[in-house]
There are 2 protein chains.
Amino acid sequence: MSEPEKQFADFLRSKGLKFTPERREILRKIFATHEHFDVETLFEKLKKGGERISLATIYRLVPLLIESGMIRQATRCEGHVTYEHVFGHKLHYHLVCVRCGKIIEFRDEGIERLLMQVCDKYDFTVIDHRLGVRGICSACREE
Amino acid sequence: MSEPEKQFADFLRSKGLKFTPERREILRKIFATHEHFDVETLFEKLKKGGERISLATIYRLVPLLIESGMIRQATRCEGHVTYEHVFGHKLHYHLVCVRCGKIIEFRDEGIERLLMQVCDKYDFTVIDHRLGVRGICSACREE
DNA sequence: ATTTACCTGAGAATGATATTCAATTACACC
DNA sequence: GGTGTAATTGAATATCATTCTCAGGTAAAT
Ligand SMILES: [Mn+2]
Ligand SMILES: [Mn+2]
Ligand SMILES: [Zn+2]
Ligand SMILES: [Zn+2]
């Protein structure tokens, strides 16, 4: 059993919930790549892989995946919600090209530090934060 | 005519569009306060004010308000989209309390500077960016 | 074997947003 | 002040993602 599976199974057990075959398959598909994803494409992938797991099951699992720290909502730049891995990934931010959709991920400890100073100043307890930049990537600008 | 009205009227004219009474009322209601808003509450406010402007008209106006630089999408923390003023407001970021919904706005030039450095490094042309922190405000933490 | 709590797929329901359409309006030109 | 034209409107309808309902399943605990 892979690391995320172990962790997630533990999380479910600790809440009296079950690590069912459906849940395992969904989790595997999510961690099979490192890309951001949305529910619909995840569903399509599972279907292509021969699974017959319903959309409802995926939608029901998402809040548990978030609560357990497996995934989180990614920076929103489209009409629907997308997710990204948390487990096994350092905190990072995004540059999103509005023309081609490419996503550049980056870290910046300076920004993180300044941000924590601000939160201290306002006596604000951070749960989570996100930073996204919309713009045009260099490839798209050439044209 | 107030500043935002002038600007927006100019914008519309430059595109061969019209600054109708409905559009004026919507714009006025938006700039009557400094709060973030969503389409539904804006609609309710207009209705309470005696206006009978349809939801569709508001939804149709939003993209024009964004394109003209009057408003932009605010940091998303709920299921539906909210907006905030751009016109007359400096760039700022948000601390959002997930318990009481309070929003603390702040500026940080240090963060802005570091972010622009990152964008330079990736040769990325910024259109827009947003930074939001979810957490618990000090008042809510007391309890 | 019975109980109990949890899970599932299918489809219906919901809710935000977008679109259609027929009627109205604003503006430019006469 | 009329007229033509394109933009605009409200109401109704459609769309799309997400959530819920319901009628069976499952699996462990008693
Ligand atoms: Mn990412
Ligand atoms: Mn704001
Ligand atoms: Zn691009
Ligand atoms: Zn609070």
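Hydrogens, waters and symmetry mates are skipped; everything else that's a heavy atom, side chains included, is used. The model shown is predicted, which means the values in this text are computed figures rather than measured ones.
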Check: Are more than 12 heavy atoms from other residues, nucleotides or ligands located less than 6.0 Å from atom CZ of A:Arg113?
Finding: no
Notebook entry, point to check: Parallel, tilted or perpendicular: which describes the rings of A:His36 and A:His94, with under 30° parallel and over 60° perpendicular?
Noted result: perpendicular
Next item on the list: Assign the ring pair B:Phe87 / B:Phe31 to parallel, tilted or perpendicular, where the plane angle (0 to 90°) is split at 30° and 60°.
Entry: perpendicular
Item checked: Nucleotide D:dA7, atom P - distance to CG of B:Leu12 in whole Å -> 13 Å
Next item on the list: Please report the shortest heavy-atom distance between A:Gln73 and A:Glu84, naming the atom on each side.
Entry: O-OE2, 4.4 Å
Next item on the list: Please work out which residues in residues 15-29 of chain A have a non-hydrogen atom less than 4.0 Å from an atom of DNA chain C and list them by number.
Entry: A:Gly16, A:Leu17, A:Lys18, A:Thr20, A:Glu22, A:Arg23
Protein-nucleotides 21-23 of chain D N/O pairs closer than 3.5 Å?
unit_1 : atom_1 : unit_2  : atom_2 : d
D:dT21 : O4     : A:Arg60 : NH1    : 3.3

Margin query: Let me confirm one number: the OH-CZ distance from B:Tyr83 to B:Arg72, rounded to the nearest 0.5 Å.
Written below: 13.0 Å
Checklist line | Closest contact, heavy atoms only, A:His85 versus A:Ile30 | finding: NE2-O, 2.8 Å
Notebook entry, point to check: What heavy-atom pair brings B:Gly110 and B:Asp108 nearest, and what distance separates the two atoms?
Noted result: N-OD1, 2.9 Å
Residues 9-19 of chain A, side-chain donor-acceptor partners within the protein, below 3.5 Å, at least two apart:
unit_1  : atom_1 : unit_2  : atom_2 : d
A:Asp10 : OD1    : A:Arg13 : NH1    : 3.1
A:Ser14 : OG     : A:Phe11 : O      : 2.7
A:Lys15 : NZ     : A:Glu67 : OE1    : 3.3
A:Lys15 : NZ     : A:Glu67 : OE2    : 2.8

Item checked: Parallel, tilted or perpendicular, as decided by the 30° and 60° cut-offs, for the rings of A:His34 and A:His89 -> perpendicular
Check: Contacts to DNA chain C from residues 41-53 of chain B, heavy-atom cutoff under 4.0 Å, which residues?
Finding: none
Distance-only criterion, 3.5 Å: show the donor-acceptor pairs between side-chain atoms of residues 42-55 of chain B and protein atoms not counting sequence neighbours.
unit_1  : atom_1 : unit_2  : atom_2 : d
B:Ser54 : OG     : B:Ala56 : N      : 3.2
B:Ser54 : OG     : B:Thr57 : N      : 3.3
B:Ser54 : OG     : B:Thr57 : OG1    : 3.4

Collect all protein-nucleotide pairs involving nucleotides 14-18 of chain D in which both atoms are nitrogen or oxygen and the distance is under 3.5 Å.
unit_1 : atom_1 : unit_2  : atom_2 : d
D:dT18 : OP2    : A:Tyr59 : OH     : 2.5
D:dT18 : O5'    : A:Tyr59 : OH     : 3.4

Notebook entry, point to check: Donor-acceptor pair, A:Arg107 side chain versus A:Glu112 backbone, under 3.5 Å?
Noted result: no
Check: B:Leu91 and B:Tyr93: which non-hydrogen atoms are nearest, and at how many Å?
Finding: CD2-OH, 4.0 Å
Notebook entry, point to check: Between B:Ile136 and B:Arg99, what is the shortest heavy-atom contact and its length?
Noted result: CD1-NH2, 3.8 Å
Item checked: Integer-rounded Å distance: D:dT8 P and B:Ile58 CD1 -> 16 Å
